Amino acid sequence: MASDTSAAFLFADIAGFTALTEAHGDEQAVALVEQFAEAVKGELPPIGAEYVKTIGDALMVRIPDAGDAIRLGLRITHDVLGGHEAPAVRVGINHGPAVERAGDYFGATINIAARVSALASGGEALVTGETAALAPDLEGVFYESRGRQVLRNVSKPVEIFAAFPIQTTDGQLVIDPVCQMAVDPERAVGRLLHGGAPYFFCSLTCAAAFAEHPERYVA
(Lines give C-alpha, C1' and ligand atoms only; values in the text may rest on other atoms or scores of the structure.)
Protein backbone atom coordinates (compact mmCIF):
# COMPACT_ATOMS: atom_id res chain seq x y z
CA MET A 1 0.00 0.00 0.00
CA ALA A 2 1.36 3.45 -0.95
CA SER A 3 1.35 6.51 1.29
CA ASP A 4 2.30 10.19 0.92
CA THR A 5 5.04 11.57 3.14
CA SER A 6 6.94 14.88 3.12
CA ALA A 7 10.60 15.02 4.08
CA ALA A 8 14.02 15.96 2.77
CA PHE A 9 15.48 13.50 0.29
CA LEU A 10 19.23 13.37 -0.16
CA PHE A 11 21.24 11.77 -2.93
CA ALA A 12 24.99 11.34 -2.52
CA ASP A 13 27.51 9.77 -4.82
CA ILE A 14 31.24 9.52 -5.38
CA ALA A 15 32.40 12.08 -7.95
CA GLY A 16 34.35 10.58 -10.83
CA PHE A 17 33.40 7.03 -9.88
CA THR A 18 33.83 5.67 -13.41
CA ALA A 19 37.37 7.04 -13.67
CA LEU A 20 38.12 5.74 -10.17
CA THR A 21 36.97 2.27 -11.19
CA GLU A 22 39.12 2.30 -14.30
CA ALA A 23 42.16 3.48 -12.34
CA HIS A 24 41.87 1.18 -9.32
CA GLY A 25 39.74 -1.76 -10.45
CA ASP A 26 36.30 -3.09 -9.69
CA GLU A 27 37.14 -4.71 -6.35
CA GLN A 28 38.55 -1.54 -4.81
CA ALA A 29 35.71 0.55 -6.23
CA VAL A 30 33.04 -1.77 -4.77
CA ALA A 31 34.82 -1.82 -1.41
CA LEU A 32 34.86 1.96 -1.44
CA VAL A 33 31.11 2.16 -2.10
CA GLU A 34 30.48 -0.25 0.77
CA GLN A 35 32.70 1.82 3.08
CA PHE A 36 30.89 4.98 1.97
CA ALA A 37 27.45 3.45 2.61
CA GLU A 38 28.39 2.21 6.08
CA ALA A 39 29.87 5.60 6.99
CA VAL A 40 26.69 7.39 5.94
CA LYS A 41 24.46 4.90 7.78
CA GLY A 42 26.39 5.67 10.96
CA GLU A 43 25.31 9.32 10.73
CA LEU A 44 21.57 8.61 10.48
CA PRO A 45 20.24 7.41 13.87
CA PRO A 46 20.69 10.71 15.79
CA ILE A 47 18.48 12.59 13.30
CA GLY A 48 15.89 9.87 12.68
CA ALA A 49 16.94 9.50 9.06
CA GLU A 50 16.20 6.49 6.88
CA TYR A 51 18.67 4.85 4.53
CA VAL A 52 16.48 4.09 1.51
CA LYS A 53 18.73 2.38 -1.04
CA THR A 54 21.96 2.22 -2.99
CA ILE A 55 21.88 2.81 -6.76
CA GLY A 56 25.32 1.97 -8.16
CA ASP A 57 27.65 4.32 -6.27
CA ALA A 58 24.78 6.63 -5.26
CA LEU A 59 22.94 6.58 -1.94
CA MET A 60 19.41 7.80 -1.22
CA VAL A 61 18.42 8.94 2.28
CA ARG A 62 15.18 10.31 3.74
CA ILE A 63 15.51 12.88 6.55
CA PRO A 64 12.43 14.30 8.33
CA ASP A 65 13.93 17.76 9.00
CA ALA A 66 15.39 20.01 6.27
CA GLY A 67 18.01 21.52 8.60
CA ASP A 68 19.22 18.08 9.65
CA ALA A 69 19.39 17.08 5.99
CA ILE A 70 21.60 20.05 5.11
CA ARG A 71 23.94 19.39 8.03
CA LEU A 72 24.08 15.73 7.03
CA GLY A 73 24.93 16.75 3.48
CA LEU A 74 27.86 18.79 4.76
CA ARG A 75 29.01 15.91 6.96
CA ILE A 76 28.90 13.59 3.96
CA THR A 77 30.79 15.93 1.65
CA HIS A 78 33.42 17.02 4.18
CA ASP A 79 33.89 14.35 6.84
CA VAL A 80 32.66 10.82 6.27
CA LEU A 81 35.39 9.84 3.80
CA GLY A 82 38.24 12.04 4.95
CA GLY A 83 41.96 11.37 4.81
CA HIS A 84 44.60 10.68 2.19
CA GLU A 85 43.24 9.44 -1.17
CA ALA A 86 39.64 9.82 0.00
CA PRO A 87 37.33 10.40 -3.00
CA ALA A 88 35.27 13.55 -3.40
CA VAL A 89 31.57 13.15 -2.67
CA ARG A 90 28.72 15.26 -4.02
CA VAL A 91 25.24 15.74 -2.55
CA GLY A 92 21.85 17.01 -3.72
CA ILE A 93 18.89 17.67 -1.41
CA ASN A 94 15.25 18.50 -2.03
CA HIS A 95 12.34 18.69 0.40
CA GLY A 96 8.76 17.84 -0.44
CA PRO A 97 6.10 15.14 -0.65
CA ALA A 98 6.76 11.67 -2.01
CA VAL A 99 4.91 8.41 -2.37
CA GLU A 100 6.20 5.55 -0.22
CA ARG A 101 5.85 2.03 -1.46
CA ALA A 102 7.54 -1.05 0.02
CA GLY A 103 10.29 1.01 1.62
CA ASP A 104 11.08 3.09 -1.47
CA TYR A 105 9.98 6.61 -2.42
CA PHE A 106 8.75 8.02 -5.72
CA GLY A 107 7.61 11.33 -7.21
CA ALA A 108 8.73 14.74 -8.45
CA THR A 109 10.52 15.56 -5.18
CA ILE A 110 12.75 12.52 -5.62
CA ASN A 111 13.43 13.25 -9.28
CA ILE A 112 14.51 16.81 -8.52
CA ALA A 113 16.76 15.71 -5.65
CA ALA A 114 18.55 13.31 -8.00
CA ARG A 115 18.95 16.00 -10.67
CA VAL A 116 20.32 18.47 -8.12
CA SER A 117 22.90 15.90 -7.03
CA ALA A 118 24.00 15.54 -10.64
CA LEU A 119 24.65 19.30 -10.80
CA ALA A 120 27.05 19.23 -7.84
CA SER A 121 30.81 19.05 -8.11
CA GLY A 122 32.93 16.85 -5.89
CA GLY A 123 32.88 18.09 -2.30
CA GLU A 124 29.74 20.16 -2.89
CA ALA A 125 26.29 20.00 -1.27
CA LEU A 126 23.53 21.60 -3.35
CA VAL A 127 19.99 22.23 -2.10
CA THR A 128 16.85 23.56 -3.71
CA GLY A 129 15.61 27.00 -2.76
CA GLU A 130 12.53 25.49 -1.12
CA THR A 131 14.76 23.34 1.07
CA ALA A 132 17.03 26.23 2.06
CA ALA A 133 13.96 28.33 2.90
CA LEU A 134 12.93 25.74 5.51
CA ALA A 135 16.27 26.27 7.33
CA PRO A 136 17.25 29.88 6.52
CA ASP A 137 19.16 30.58 9.74
CA LEU A 138 20.93 27.26 10.17
CA GLU A 139 23.73 27.74 12.67
CA GLY A 140 27.19 27.13 11.23
CA VAL A 141 25.96 27.11 7.61
CA PHE A 142 25.76 29.70 4.86
CA TYR A 143 24.21 29.48 1.42
CA GLU A 144 25.68 30.57 -1.89
CA SER A 145 23.15 31.17 -4.67
CA ARG A 146 23.66 29.24 -7.91
CA GLY A 147 20.67 30.86 -9.59
CA ARG A 148 17.77 29.15 -11.31
CA GLN A 149 18.88 25.98 -13.07
CA VAL A 150 17.23 24.01 -15.84
CA LEU A 151 17.07 20.36 -14.76
CA ARG A 152 16.57 17.46 -17.14
CA ASN A 153 12.91 16.39 -17.42
CA VAL A 154 11.79 19.13 -15.00
CA SER A 155 9.36 21.62 -16.58
CA LYS A 156 10.42 24.77 -14.71
CA PRO A 157 13.87 26.05 -13.66
CA VAL A 158 14.69 25.33 -10.03
CA GLU A 159 16.49 27.77 -7.72
CA ILE A 160 19.65 26.18 -6.34
CA PHE A 161 21.91 27.06 -3.40
CA ALA A 162 25.24 25.56 -2.38
CA ALA A 163 25.55 24.97 1.37
CA PHE A 164 28.90 25.58 3.06
CA PRO A 165 30.13 25.29 6.65
CA ILE A 166 31.01 28.68 8.06
CA GLN A 167 34.73 29.17 8.59
CA THR A 168 36.08 31.01 11.60
CA THR A 169 36.52 34.75 11.09
CA ASP A 170 37.75 37.57 13.29
CA GLY A 171 34.17 38.67 14.06
CA GLN A 172 34.30 41.84 11.97
CA LEU A 173 30.92 42.87 10.54
CA VAL A 174 30.40 43.37 6.82
CA ILE A 175 27.61 45.06 4.87
CA ASP A 176 24.98 43.17 2.91
CA PRO A 177 25.29 44.91 -0.51
CA VAL A 178 21.57 44.55 -1.25
CA CYS A 179 19.84 45.79 1.91
CA GLN A 180 22.90 47.48 3.47
CA MET A 181 22.43 45.72 6.81
CA ALA A 182 25.46 44.85 8.91
CA VAL A 183 26.17 41.12 8.75
CA ASP A 184 28.40 38.92 10.87
CA PRO A 185 30.07 36.59 8.31
CA GLU A 186 29.80 33.71 10.79
CA ARG A 187 26.03 34.17 10.93
CA ALA A 188 25.38 35.19 7.32
CA VAL A 189 22.69 33.19 5.57
CA GLY A 190 24.37 33.46 2.17
CA ARG A 191 27.65 34.25 0.47
CA LEU A 192 28.54 34.96 -3.16
CA LEU A 193 31.83 35.51 -4.93
CA HIS A 194 31.85 38.32 -7.49
CA GLY A 195 34.95 39.64 -9.18
CA GLY A 196 37.02 37.49 -6.83
CA ALA A 197 35.57 39.19 -3.71
CA PRO A 198 33.17 37.56 -1.20
CA TYR A 199 29.84 39.20 -0.38
CA PHE A 200 27.72 38.16 2.60
CA PHE A 201 23.95 38.38 2.92
CA CYS A 202 21.39 38.59 5.69
CA SER A 203 18.79 36.54 3.81
CA LEU A 204 18.32 34.22 0.86
CA THR A 205 16.21 36.94 -0.76
CA CYS A 206 19.17 39.35 -0.76
CA ALA A 207 21.53 36.64 -2.03
CA ALA A 208 19.17 35.78 -4.89
CA ALA A 209 18.73 39.46 -5.85
CA PHE A 210 22.50 39.95 -5.95
CA ALA A 211 23.04 36.76 -7.95
CA GLU A 212 20.54 37.91 -10.58
CA HIS A 213 21.84 41.49 -10.99
CA PRO A 214 25.20 41.98 -9.24
CA GLU A 215 25.90 45.11 -11.27
CA ARG A 216 23.12 46.90 -9.36
CA TYR A 217 24.92 46.51 -6.05
CA VAL A 218 28.62 46.67 -6.86
CA ALA A 219 30.17 49.99 -7.80
Side-chain angles (χ1 to χ4, degrees), residues 8-16 40 43 58-59 61 63 65-82 86-96 109 111-152 154 156-169 174 176-178 183-214 217-218:
F9 293 89
L10 178 154
F11 282 84
D13 67 1
I14 297 171
V40 171
E43 301 286 330
L59 315 178
V61 179
I63 309 100
D65 180 77
D68 287 339
I70 293 167
R71 287 198 178 96
L72 175 63
L74 292 175
R75 285 278 300 158
I76 291 173
T77 54
H78 290 80
D79 299 317
V80 299
L81 286 182
V89 176
R90 58 184 186 171
V91 162
I93 304 170
N94 186 35
H95 187 284
T109 297
N111 297 337
I112 290 173
R115 301 289 183 246
V116 172
S117 174
L119 283 179
S121 301
E124 191 170 54
L126 297 183
V127 306
T128 60
E130 291 184 5
T131 306
L134 292 172
D137 301 313
L138 199 57
E139 185 176 356
V141 176
F142 68 83
Y143 300 106
E144 181 177 291
S145 175
R146 295 297 169 83
R148 300 182 68 81
Q149 300 289 328
V150 176
L151 305 180
R152 185 164 62 91
V154 177
K156 296 180 180 180
V158 176
E159 188 160 19
I160 302 295
F161 289 87
F164 292 93
I166 292 174
Q167 304 299 321
T168 302
T169 70
V174 297
D176 182 323
V178 175
V183 177
D184 181 344
E186 292 188 4
R187 300 174 62 187
V189 171
R191 186 193 76 163
L192 283 171
L193 291 175
H194 179 73
Y199 294 86
F200 294 87
F201 302 90
C202 69
S203 68
L204 295 179
T205 300
C206 287
F210 186 94
E212 187 172 3
H213 296 293
Y217 308 107
V218 177

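All of these numbers come straight from a predicted model, not from anything done at the bench.
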Test side-chain contact (heavy atoms from CB on, under 4.5 Å) on Val116 and Val127 and set out the steps. CA-CA 7 Å; Val116 172; Val127 306; over 6 Å; no
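- Atom CG of Asp137 and atom CG of Leu204 lie 8.5 Å apart (nearest 0.5 Å).
- A side-chain donor-acceptor contact under 3.5 Å links Thr131 to the backbone of His95.
- Here the closest heavy-atom approach between residue Ile70 and residue Ala135 is recorded as CD1-CB, 4.2 Å.
- Here the shortest heavy-atom pairing between Gly67 and Leu138 reads O-CD2, 3.7 Å.
- Interatomic distance, Ile76 CD1 to Leu72 CG, rounded to the nearest 0.5 Å: 4.0 Å.
- Under the 30°/60° scheme for interplanar angles, the aromatic rings of Phe210 and Tyr217 are found to lie parallel.
- Residues Val178 and Ala209 approach most closely at CG1-CB, 4.4 Å, considering heavy atoms.
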Evaluate Ile63 against Leu10 for side-chain contact (heavy atoms from CB on, under 4.5 Å), listing each step before the verdict. CA-CA 8 Å; Ile63 309 100; Leu10 178 154; 3.8 Å; yes
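- The 12-atom threshold is exceeded at CZ of Arg148, counting heavy atoms of other residues, nucleotides or ligands nearer than 6.0 Å.
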Validation: residues 192-202 side-chain donor-acceptor distances under 3.5 Å, sequence neighbours left out:
none

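- Note that the CZ atom of Phe9 and the CD1 atom of Ile112 stand 12.5 Å from one another [nearest 0.5 Å].
- Note that OG of Ser117 is 5.5 Å distant from CZ of Arg90, once rounded to the nearest 0.5 Å.
- With a 4.5 Å cut-off on side-chain heavy atoms, Asn111 and Leu151 do not count as touching.
- Qualifying salt bridge (Lys or Arg N to Asp or Glu O under 4.0 Å) partners for Arg75, counting only residues two or more places apart in sequence or in other chains: Glu43, Asp79.
- Legend: salt bridge (Lys or Arg N to Asp or Glu O under 4.0 Å) pairs involving residues 121-136, not counting sequence neighbours, sorted by first then second residue: Glu124-Arg146.
- Here the CD1-CG distance, from Ile93 to Leu126, works out to 9.0 Å after rounding to the nearest 0.5 Å.
- The two residues Ala207 and Ser145 come nearest to each other via the heavy atoms O-CB, 4.1 Å.
- Residues Gly122 and Ala88 come closest through the heavy atom pair CA-CB, 3.7 Å.
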Take Val40 and Leu59, measure what side-chain contact (heavy atoms from CB on, under 4.5 Å) needs, and give me the verdict at the end. CA-CA 9 Å; Val40 171; Leu59 315 178; 3.6 Å; yes
